[in-house]
**Q** 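The structure that follows is given in the form of structure tokens.
In what follows, chains carry the letters A, B, and so on, assigned in the order in which the sequence lines appear, proteins first and then strands, with residues in each chain numbered from 1.
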There are 2 protein chains.
Amino acid sequence: MTQKNRSLTLRDVSEASGVSEMTVSRVLRNRGDVSAATRDKVLTAAKELGYVPNKIAGALASQRVNLVAVIIPSLSNMVFPEVLSGISQVLEDTELQPVVGVTDYLPEKEEKVLYEMLSWRPSGVIIAGLEHTEASRAMLNASGIPVVEIMDTDGDPVDAMVGISHRRAGREMAAAILKAGYKKIAFLGTKMPLDHRARKRFEGFTEVLAKSGVEVVDREFYSGGSALAKGREMTEAVLERSPDVDFIYYSNDMIGAGGLLYLLEKGIDVPGQIGLAGFNGVELLQGLPRQLATMDACRREIGTKAAEIIAARVNDVEKEGQVTLAPTISFGDTLRGV
Amino acid sequence: MTQKNRSLTLRDVSEASGVSEMTVSRVLRNRGDVSAATRDKVLTAAKELGYVPNKIAGALASQRVNLVAVIIPSLSNMVFPEVLSGISQVLEDTELQPVVGVTDYLPEKEEKVLYEMLSWRPSGVIIAGLEHTEASRAMLNASGIPVVEIMDTDGDPVDAMVGISHRRAGREMAAAILKAGYKKIAFLGTKMPLDHRARKRFEGFTEVLAKSGVEVVDREFYSGGSALAKGREMTEAVLERSPDVDFIYYSNDMIGAGGLLYLLEKGIDVPGQIGLAGFNGVELLQGLPRQLATMDACRREIGTKAAEIIAARVNDVEKEGQVTLAPTISFGDTLRGV
DNA sequence: TATCGGAATGTTACCGCGATCAGTTGCGCC
DNA sequence: GGCGCAACTGATCGCGGTAACATTCCGATA
């Protein structure tokens with residue numbers, strides 16, 4: 001309680017406890033041999049003073065920073081908090097700590113955030129996506145630390161990568177939909193040219209449809225606003241425009257849920273008259289009147305695997321660096337099974 | 001591309017550009033007078049080498065760290081990402097940068113996270129809640145930096161605070177419910193003794209009911225799982241146990257939405273037979289078949305105000321440090337208006 | 001022409017800590 | 001009693017920058 005404005009240093013604790021700064025340092029880090037008596041003296045003094053070590057100085061001196069930069073496009077997507085939670089869970093058992101940066105899906109902002117984070121000399125980087133500016137890629141290369149690119153595996157990583165193939169996810173969903181006999185398929189998504197994963201899903205999706213001579217009969221994109229409400233509105237708009245649609249593929253579960261609620265209200269037979277599918281497998285949707293067909297994006301597992309790779313590499317342990325997880329389709333109640 | 005493992009320093013840039021390290025430092029920070037010619041030389045060299053400044057060293061030398069610690073209980077609550085976004089928005093216009101720590105509603109983890117963050121000597125702290133361990137409070141006090149406690153204003157802050165009165169929020173909702181003529185009121189919430197804000201809302205709620213001689217006829221608490229699904233289940237359970245319930249107050253919108261969906265499916269008249277209200281005003285719910293009554297928690301504004309206070313104090317600008325925002329009740333379609 | 005002043009650049013002294021190496025004890029043992 | 005080793009403690013240096021002060025250079029001024 002009694003401290004001047006200047007913040008405390010090892011020296012203060014050392015003076016208060018009558019030992020050298022070095023010994024205080026050892027006690028506080030649990031390194032090397034210190035007698036129980038001295039240890040107690042030091043700990044008491046430190047606690048009494050309310051001393052908090054200065055990691056800045058520590059990091060500079062030891063050339064070690066126990067931070068892992070985690071760079072993601074958004075926090076409001078629900079997907080990323082889940083990935084984060086997987087990362088945290090694994091890092092909790094190590095001395096490493098995640099630090100999050102958000103890019104808002106903007107490449108230039110990503111570059112800025114990356115620069116900022118690298119300037120703290122973290123022990124590793126986990127970054128969403130495989131698409132980065134050339135400068136970002138160069139920084140990652142030059143950083144000399146382990147880098148794991150997550151979410152997506154359709155492309156070439158700088159170093160390691162963990163994710164699913166969104167192209168394949170799109171393909172599989174298309175195949176399932178065709179197999180169930182739907183023919184007039186619409187696609188509803190986000191207006192985000194920079195969301196490469198959504199784009200790849202769409203590409204995979206149309207690719208398979210095309211092979212069967214099917215084309216997406218209608219599509220609509222939104223941005224901003226409540227996803228649930230947008231799902232509703234877009235679904236309504238599509239049905240008005242293309243009343244013969246018999247399947248709607250949504251680029252995420254949230255708008256899918258909005259669509260589902262809308263159709264049920266209108267008394268439309270789901271999945272008889274119209275089938276639906278989303279993407280992500282968000283837990284939240286378990287409470288819907290009907291279970292939306294979706295595809296698990298392995299969010300948590302992506303986080304844990306990525307963190308494990310970082311943790312291993314930081315300790316110079318070799319570890320497979322290209323992990324492609326297999327998303328599983330969940331038919332729910334809105335996509336006729338085989 | 002051509003770099004050894006050792007990371008670059010000012011010296012490398014200085015040698016590459018033929019000027020002193022000090023001059024390089026000045027160029028890179030845009031400080032002091034440097035001739036255009038030298039500036040160009042330095043910038044070129046820096047870019048060519050791919051030099052990224054070491055903030056650790058810089059921070060140690062300058063005793064300035066442009067980080068603001070933001071400590072929140074959870075990221076999966078949707079409430080906090082929104083607060084965060086308010087914070088980021090304001091800090092974006094300053095040189096400050098938020099760094100997030102998550103406590104999982106555990107006081108000891110909060111203490112640990114706080115300690116960890118303070119050891120990086122941030123310029124300010126924004127921390128959720130007014131309840132902290134004694135040690136945490138001591139650390140905040142001793143840190144000598146601006147501290148803003150957010151979300152809640154029912155209590156005494158260490159320094160500054162921004163939020164709403166959850167007690168009052170509970171009271172107002174109770175008053176509105178009574179005024180609308182409901183009598184058999186149930187409460188459904190989370191099993192989180194450590195969520196002090198939910199607790200305070202509940203206290204305010206029952207306090208007002210008590211004044212009118214009304215008691216909560218039933219209550220139920222959940223933990224874990226999909227909030228939407230839990231809202232469903234709990235609502236079902238309550239109706240079974242207490243069929244004469246005519247109002248259900250949910251501690252958050254998500255479970256409220258689950259309850260709403262359940263009741264609508266059962267063909268129960270909402271708000272005729274049973275009225276509903278939640279808490280938070282989450283945007284997400286705008287897509288529900290009926291608009292759930294709720295109360296806006298001013299999440300984004302809490303973030304911006306808190307960040308503004310930090311930004312002001314960091315620059316030694318005086319600024320009112322006790323901000324109580326007024327949440328507004330939104331009747332929606334599930335609470336009869338007056 | 002000698003002096004002055006400001007712009008441009010360099011030098012020095014740390015910032016707070018940890019790696020390293022150098023003592024200093026105490027103790028068992030021959 | 002002296003030796004060797006283990007257990008403990010301390011002194012020094014430097015991590016990569018920046019603040020503060022010192023210096024150089026040059027044109028303007030009297």
Side-chain angles (χ1 to χ4, degrees), chain A residues 3-43 45-46 49 51-66 95 116 118-123 143-144, chain B residues 3-43 45-46 49 51-66 95 116 118-123 143-144:
Chain A
Q3 79 295 318
K4 41 213 89 170
N5 208 331
R6 213 182 53 65
S7 112
L8 298 163
T9 73
L10 272 190
R11 155 157 256 105
D12 296 295
V13 183
S14 117
E15 282 171 0
S17 52
V19 299
S20 73
E21 301 174 35
M22 199 54 233
T23 300
V24 176
S25 169
R26 279 195 270 253
V27 170
L28 296 177
R29 284 178 302 143
N30 261 310
R31 285 293 158 78
D33 298 306
V34 182
S35 71
T38 344
R39 154 172 272 94
D40 284 350
K41 246 189 334 194
V42 170
L43 287 178
L49 293 171
Y51 173 72
V52 177
N54 185 329
K55 289 221 176 182
I56 305 220
L60 184 60
S62 67
Q63 300 285 298
R64 273 186 282 98
V65 181
N66 61 339
E95 53 176 7
E116 190 76 17
L118 287 181
S119 73
W120 289 100
R121 301 289 189 269
S123 296
S143 69
Chain B
Q3 78 296 320
K4 42 213 86 169
N5 207 333
R6 214 182 53 65
S7 111
L8 298 163
T9 73
L10 271 191
R11 156 155 255 107
D12 296 298
V13 183
S14 117
E15 282 170 0
S17 53
V19 299
S20 73
E21 301 173 33
M22 197 57 232
T23 301
V24 176
S25 170
R26 279 195 270 253
V27 169
L28 296 178
R29 285 178 304 146
N30 261 311
R31 287 292 159 78
D33 299 307
V34 181
S35 71
T38 342
R39 152 171 274 95
D40 284 350
K41 245 190 330 193
V42 169
L43 287 178
L49 293 171
Y51 173 71
V52 176
N54 185 330
K55 288 221 176 180
I56 305 224
L60 183 61
S62 67
Q63 302 284 300
R64 273 185 285 96
V65 181
N66 62 340
E95 54 175 6
E116 191 75 18
L118 287 181
S119 73
W120 288 101
R121 300 288 187 269
S123 295
S143 70

**Q** Counting N and O atoms only, with roles assigned by atom type, does the side chain of B/Ser25 sit under 3.5 Å from a partner on the main chain of B/Glu21, one being a donor and the other an acceptor?
**A** no

**Q** Using only atom types and a distance under 3.5 Å, with no angle test, would you say the side chain of B/Asp12 pairs donor to acceptor with the backbone of B/Thr9?
**A**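 Confirmed, B/Asp12 side chain pairs with B/Thr9 backbone.
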
**Q** Under 4.0 Å from OP1 or OP2 of C/dG10: is there any side-chain N or O of B/Ser20 that close?
**A** yes

**Q** In whole Å, what is the span from the CZ atom of B/Arg11 to the C1' atom of C/dT12?
**A** 14 Å

**Q** Can a donor-acceptor pair be found, under 3.5 Å and without considering hydrogens, that links the side chain of A/Ser123 to the backbone of A/Val65?
**A**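 Yes.
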
**Q** Near DNA chain C, which residues from residues 24-41 of chain A have a heavy atom under 4.0 Å away?
**A** A/Ser25, A/Arg29

**Q** So, OP1 or OP2 of C/dG16: does either fall under 4.0 Å of a side-chain N or O from B/Gln63?
**A** yes

**Q** Please report, rounded to the nearest Å, how far the P atom of C/dG16 is from the CG atom of A/Leu49.
**A** 15 Å

**Q** Find which nucleotide of DNA chain D each of B/Met22 and B/Asn54 is nearest to by heavy atoms, and output the residue with the more 5' nucleotide.
**A**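 Mapping each residue to its closest nucleotide by heavy atoms, the 5'-most match is B/Asn54.
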
**Q** Can you confirm whether the side chains of A/Ser7 and B/Arg121 place a donor and an acceptor under 3.5 Å from each other?
**A**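 Present: a donor and an acceptor within the cut-off.
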
**Q** Considering just the side-chain nitrogens and oxygens of A/Ser62, establish if one lies under 4.0 Å of OP1 or OP2 belonging to C/dA19.
**A**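 Checking C/dA19 against A/Ser62, no side-chain N or O comes under 4.0 Å of OP1 or OP2.
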
**Q** Using a cut-off of 4.0 Å on non-hydrogen atoms, how would the nucleic acid contact of B/Leu60 be classed: base, sugar-phosphate, or nothing?
**A**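 B/Leu60: base contact, heavy atoms under 4.0 Å.
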
**Q** Can you see if the side chain of B/Tyr51 gets near the phosphate of D/dG16 - specifically, an N or O under 4.0 Å from OP1 or OP2?
**A**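 The answer is no; no side-chain N or O of B/Tyr51 sits under 4.0 Å from OP1 or OP2.
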
**Q** Is there a side-chain polar atom (N or O) of A/Arg64 under 4.0 Å from OP1 or OP2 of C/dA19?
**A** yes

**Q** Residues two or more places apart in sequence or in another chain: which of them pass side chain to side chain contact (heavy atoms under 4.5 Å, CB included) with A/Lys41?
**A**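 For A/Lys41, the residues satisfying side chain to side chain contact (heavy atoms under 4.5 Å, CB included) (neighbours in sequence not counted) are A/Val19, A/Thr38.
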
